[in-house]
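For reference, the structure discussed in these notes is given below.
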Amino acid sequence: MVSDINKIFDSFSNDTLFINKFILQTSYSPGKIPHRDNQIEQVASILAPALRGEKPSNLFVYGQTGTGKTLSIQFVKNEILKRAKENNLPLRIEYLNCKMRKISDTEYRIFAELIKKLGGNVPATGLPTDQVYNKFIEIIEKEKRPIILILDEIDQAVKKISDGFLYNLTRLNSELSQTQISIIGISNDLKFLDSLDPRVRSSLGEEEIVFPPYNAIQLQDILKERAEQAFKKNVLDNGVIAKCAAYAAREHGDARRALDLLRVSGELAERQGCKKVTIEHLDLANEKIDKDKITDVVSSAPKQFQLTLFSIINLTEKTKEKIYTGEVYNVYNEMCSKAKTEVLTQRRFSDIIGELDMMGLINAPVISKGRHGRTREIKLSVANNIIEKIKVILKESLGL
DNA sequence: CGAGATTCATGTGAAGTATACCTTTAGGCTTAA
DNA sequence: AAGCCTAAAGGTATACTTCACATGAATCTCGTA
């Protein structure tokens, strides 16, 4: 018995196609970043004053997902910290991704998270916001060294909250006596800065850097380099990398996507016991990534969101025509009694529809049907083959 | 026939409520001297 | 007497509700050609 299991483990570890799968993970930061020399230089030169103990300008970085923004910034961050350490300079750089669901919702949570990063401690709830704010200042003052805050996906946070919190941040320096603080904002949305309060814009956008999308050839370079380290020799079929790059290039040159694709293809091939990663694996992986991403979102959504989504799916299947808020709400009511859940008001329901829209699960623009009032025209924006899967998840978690 | 006025079905904003959780404070109990 | 624990008091954020008003184009109304 035991020997059987061991055999499984043995074969498992022997047959692996990878040398080091971690290299393909998005969290891995490679030693060099191809095709980003220019941007990295710019970032470095903007942040360089920190090494002389001066306050660097605030910086704003644009670029679609997977264009190497975060990676490049992290890279510069590490280099600067290394340098600072060598020369015994006090300097502190903190990175915060505002998109993580738990954090991004409110100003309070963002400050709480920042404080935690800086070594403080705040309860998850219950404190007055201005007290949290004060504590934040206090902690920074205690540091007594220049601080650079990197706020990733900052547009997400502002969308949820308001730009008031950015205003607070940029104004922070005037309340600090011991320390200077610089802010690096990273955003996917190119128009983001324009939508801000002018005061915030001028102060946050002292410097701007744009990260253009990678083209297919650049993506290939990146993939080749990483694949060499990650996979064993001759594991990748001809053309896999090229196709992988092509797929990702179609999605606005998203390198993260390309790497995910490659990794998942490898995993799939391995699980099937293949010796090679083929283009078929790549196609499978493409589907799987989409599916995983969406099912993740769906299964971690709050119950009322799930119920709402379920109602939409059901109604869409029944009536092929366009569906509207009112109809969905009726279905939702039935669902609630079936699932023995409380029924929310139409007011709240409307907000949930809006949030589902924001999450990208549905498409629900507000339209006016003239004499017949105003409503949202709701459409699922999820591929059909995934809907079935979602239904299973929802049924399970709702107990239907 | 065309310009306003109406109308519908919900969007949306503001303010209020219930719940969960946090800090502070004061009283009571335990402990060590 | 000092130290520790507990319960109550006083606050806040969050998710939701209630109330009330805003929307915007199809449709209706009515004056005019």
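Remember, it's a predicted structure, so these values are computed and weren't measured experimentally.
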Which whole-number value in Å describes the distance from [X] [atom1] to [N] [atom2]?
{"X": "A/E342", "N": "B/dT17", "atom1": "CD", "atom2": "C1'", "answer": "14 Å"}
{"X": "A/M358", "N": "B/dT12", "atom1": "CE", "atom2": "P", "answer": "12 Å"}
{"X": "A/R348", "N": "B/dG13", "atom1": "CZ", "atom2": "P", "answer": "14 Å"}
{"X": "A/I367", "N": "B/dC8", "atom1": "CD1", "atom2": "C1'", "answer": "13 Å"}
{"X": "A/H372", "N": "B/dT7", "atom1": "NE2", "atom2": "P", "answer": "15 Å"}
{"X": "A/E327", "N": "B/dA9", "atom1": "CD", "atom2": "P", "answer": "12 Å"}
{"X": "A/I353", "N": "B/dA9", "atom1": "CD1", "atom2": "P", "answer": "18 Å"}
{"X": "A/I352", "N": "C/dT17", "atom1": "CD1", "atom2": "C1'", "answer": "13 Å"}

message: Given 3.5 Å as the limit, does a donor-acceptor pair link the side chain of A/K69 with the main chain of A/G63, or not?
response: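 Flag set: sc A/K69 to bb A/G63 pair under 3.5 Å.
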
message: Whether the side chain of A/E41 engages the backbone of A/N38 through a donor-acceptor N/O pair (distance < 3.5 Å, no angle test) should be reported.
response: no

- line: Picking from B/dT10, C/dC16, C/dA25, the nucleotide nearest the side-chain atoms of A/Q346 would be B/dT10

query: What is the distance from atom CG of A/L59 to atom CD1 of A/I150, rounded to the nearest 0.5 Å?
result: 9.5 Å

- request: Please state whether the rings of A/H35 and A/Y214 are parallel, tilted or perpendicular, taking 30° and 60° as the class boundaries.
  value: perpendicular

- request: Find which nucleotide of DNA chain C each of A/K369 and A/R374 is nearest to by heavy atoms, and output the residue with the more 5' nucleotide.
  value: A/R374

task: Please determine if a side-chain N or O atom of A/T325 lies less than 4.0 Å away from the OP1 or OP2 oxygen of B/dG11.
output: yes

Under 4.0 angstrom between A/S368 side-chain N/O and C/dG24 OP1 or OP2: no

message: Looking at A/K379, I want to see if its NZ is surrounded by more than 12 non-hydrogen atoms of other residues, nucleotides or ligands under 6.0 Å.
response: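 Counting other residues, nucleotides and ligands, NZ of A/K379 stays at 12 neighbours or fewer.
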
field: Side chain A/R347 and base C/dT17 donor-acceptor under 3.5 Å
entry: no

- prompt: Looking across every strand, which nucleic acid part, if any, lies under 4.0 Å from A/V328 by heavy atom: base, sugar-phosphate, or nothing?
  reply: nothing

- request: Please figure out whether A/T375 or A/R371 has its closest DNA chain B nucleotide nearer the 5' end.
  value: A/R371

